[in-house]
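A quick write-up on the structure given underneath.
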There are 2 protein chains.
Amino acid sequence: MSELNLVFGALADPNRRQVIGYLSERETATATELTGELPMTRQAVAKHLATLADAGLVESERQGRETRYRLTQAGAEWDDRLDALVKHLQRRKRD
Amino acid sequence: MSELNLVFGALADPNRRQVIGYLSERETATATELTGELPMTRQAVAKHLATLADAGLVESERQGRETRYRLTQAGAEWDDRLDALVKHLQRRKRD
DNA sequence: ATAGTGTGCAACCGACGAGTTGCACATTAC
DNA sequence: GTAATGTGCAACTCGTCGGTTGCACACTAT
């Protein structure tokens, strides 16, 4: 599939956008850690992380018995775009 | 549903992104006209136009026996963002 | 060695989305 | 009026997606 499709498909889910937000704050996290923030099981979070990784927004590295995820450059750029977009929408709604 | 969800949900489908592109060229079009450009039935195109309208990216106006669709301001902005994004991805891939 | 913790994989389920067909209604042309 | 064109609505199929459970494997601590 084309990269654009993968990226927009990944961003279509609000939980995945939230994961991007979390990763932008914490710099790095495991699927188990993120499970504490989201109302779903670890396996569901792991699936979302896999989808984000397919889209090139997230990368993973195994350290010992845990695998830590972090935003890629593209993922960080999208976090910025999303922040800007939310503020843009709020401003438009306010006027 | 939140506006952001509606917008990203609408943009997740490549056919709908293509419809946005077509509308940015033609200024205005009917569902039947767009059917000539896409490998699907008129009703399918009409559904896509409806979800784009829900997301506020497109607006419709009935003129006689046909209803003409055009991009809203938000839709036109997204068409620009998508163009810029495609070029951004191409540039990144080339380097 | 054994228990505890973290992960990955596979199968399953329910819901939703994309697309289709069929038909009824509205508008225009003749 | 009647035929042709454009639209809208409803029901149906089918695939995918988000989420779950269950289990096996990897690593760590004691």
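Below, chains carry the letters A, B, ... as their sequence lines are ordered, and counting in each starts from 1. Just so you know, these numbers come straight off a predicted model, no measurement behind them.
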Legend entry - Residue mapping more 5' on DNA chain D - nearest nucleotide basis, R62(B) or G64(A): R62(B)
Legend entry - Integer-rounded Å distance: dT7(C) C1' and E33(A) CD: 13 Å
Legend entry - Along DNA chain D (nearest heavy atom to each residue), the more 5'-positioned of R65(A) and T51(A): T51(A)
Legend entry - Qualifying salt bridge (charged side-chain N to carboxylate O under 4.0 Å, His left out) pairs with a residue from residues 55-66 of chain A, counting only residues at least two apart or across chains: E59(A)-R70(A), E61(A)-R70(A), E66(A)-R68(A)
Legend entry - Side-chain touch L49(A)/L34(A), heavy atoms, less than 4.5 angstrom: yes
Legend entry - Length of the CG-P vector between N5(B) and dC16(C), whole Å: 14 Å
Legend entry - Whole-Å gap separating C1' (dA18(C)) and CG (D54(B)): 15 Å
Legend entry - Rounded interatomic separation in angstrom, taking CD from Q18(A) and P from dG18(D): 15 Å
Legend entry - Atom pair OH (Y22(B)) and CD (E33(B)), whose distance is rounded to the nearest 0.5 Å: 13.0 Å
Inset, instruction - Classify the nucleic acid contact of T30(B) as base, sugar-phosphate or nothing, counting any heavy atom under 4.0 Å across all strands shown. - result: sugar-phosphate
Legend entry - Short side-chain N/O contact from H48(B) to OP1 or OP2 of dG19(C), under 4.0 Å: yes
Which atoms of nucleotides 22-25 of chain C (N or O only) lie under 3.5 Å from a protein N or O atom, and what are those distances?
from, atom 1, to, atom 2, distance (Å)
dG22(C), O6, Q43(B), NE2, 3.1

Inset, instruction - Would you mind telling me which of dG19(C), dG19(D), dG6(C) lies closest to the side-chain atoms of K47(A)? - result: dG19(D)
Legend entry - D13(A), nearest nucleotide to its side chain (from dG6(C), dA18(C), dG18(D)): dG18(D)
Legend entry - Given L38(B), D13(B), L71(B), the one that forms side chain to side chain contact (heavy atoms under 4.5 Å, CB included) with V19(B): L38(B)
Inset, instruction - Considering non-hydrogen atoms only, spot the tightest contact between L4(B) and V86(A) and give its length. - result: CD2-CG2, 3.9 Å
Inset, instruction - Using a heavy-atom cut-off of under 4.0 Å over every strand shown, decide if T41(A) touches base, sugar-phosphate, or nothing. - result: base
Legend entry - Side-chain heavy atoms of T35(A) within contact of M40(A), under 4.5 Å: no
Inset, instruction - Check the distance between dG19(C)'s C1' and L49(B)'s CG and give it to me in whole angstrom. - result: 15 Å
Inset, instruction - Please state how far atom CD in Q63(A) lies from atom P in dG6(C), giving the value in whole angstrom units. - result: 14 Å
Inset, instruction - Using whole Å, report how far CG of L6(B) lies from C1' of dG17(C). - result: 14 Å
Inset, instruction - Scan R68(A) against the nucleic acid and name what it touches under 4.0 Å (heavy atoms): base, sugar-phosphate only, or nothing. - result: nothing
Legend entry - Side-chain heavy-atom pair E77(B), R81(B) within 4.5 angstrom cut-off: yes
Legend entry - Spacing of N15(A) atom CG relative to dT20(D) atom P, expressed in whole Å: 10 Å
